[in-house]
Amino acid sequence: GAVVSQHPSWVICKSGTSVKIECRSLDFQATTMFWYRQFPKQSLMLMATSNEGSKATYEQGVEKDKFLINHASLTLSTLTVTSAHPEDSSFYICSARDLAGGWGETQYFGPGTRLLVL
Amino acid sequence: GENVEQHPSTLSVQEGDSAVIKCTYSDSASNYFPWYKQELGKGPQLIIDIRSNVGEKKDQRIAVTLNKTAKHFSLHITETQPEDSAVYFCAPQVTGGGNKLTFGTGTQLKVEL
């Protein structure tokens, strides 16, 4: 149980294009999902918290107009990197909080999406 | 915000030895303490967690100990195996109010044959 998937697993795009990444909780419902970014040999940095049916909450320094988040259902959140540039190249990872798990604080992570912007 | 540090940043042990990674946090309100294992090119995987009302938890070869007074918790791996080689992250959390995890700096564990 508690499986989170991401699609695509990797993507290469040209500078200036937009890229959409999907995050799905496969066997549980998640009112809250989180999006992280990880640069090589660094830790995970939280970008935003995605809440089903409401606007996402962005961390300080993360441009909400550049990283569009939509959480349309209890099992799906999407991250769209708009007008991508080479500096957006990174490993993007989502996580989902299992409502039914214990105190509801446990987060399960997806396999990540590697983005390369040329 | 929460400051989280891990020590050591790299750890090399011989197969069969034990490994200990320590995580120090700053927010005394933290009450949930998970450890994640991340293999190269993959997302983090929860391996063990502990809540503030418990001092120690064990799951086969893995254990976590918590010292709330000193604000640190540690991951203990016994009888290490090559497949334990990965990066390990602690991520203390204050439950409620967003449930955001603050990841530590990471520890690269290498188990040598």
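Letters A, B, ... mirror the listed sequences (proteins, then strands); counts begin at 1. These numbers were taken from a predicted model, which means no experiment stands behind them.
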Segment of B:Gln38 engaging chain A (4.5 angstrom heavy-atom cut-off): side chain
Which atoms of B:Pro34 are under 4.5 Å from chain A, going by heavy atoms: the side chain, the backbone, both sets, or neither? neither
Residue part contacting chain B, namely of A:Gln38, when any heavy atom lies under 4.5 Å: side chain
Between the side chains of B:Lys57 and B:Asp49, is the shortest nitrogen-to-carboxylate-oxygen separation below 4.0 Å, so that they form an ion pair? yes
Determine the option with the most heavy-atom pairs under 4.5 angstrom with chain B, choosing from A:Thr57, A:Asn51, A:Leu44, A:Leu46. A:Leu44
In the single-linkage hydrophobic clustering (I, L, V, M, F, W, Y; side-chain heavy atoms under 4.5 Å), do B:Ile47 and B:Ile50 co-cluster? yes
Within 45° cone of A:Phe91 ring axis and under 6.0 Å: A:Arg114 NZ or CZ: yes
Carboxylate-amine/guanidinium proximity below 4.0 Å for A:Lys20 and A:Glu22: no
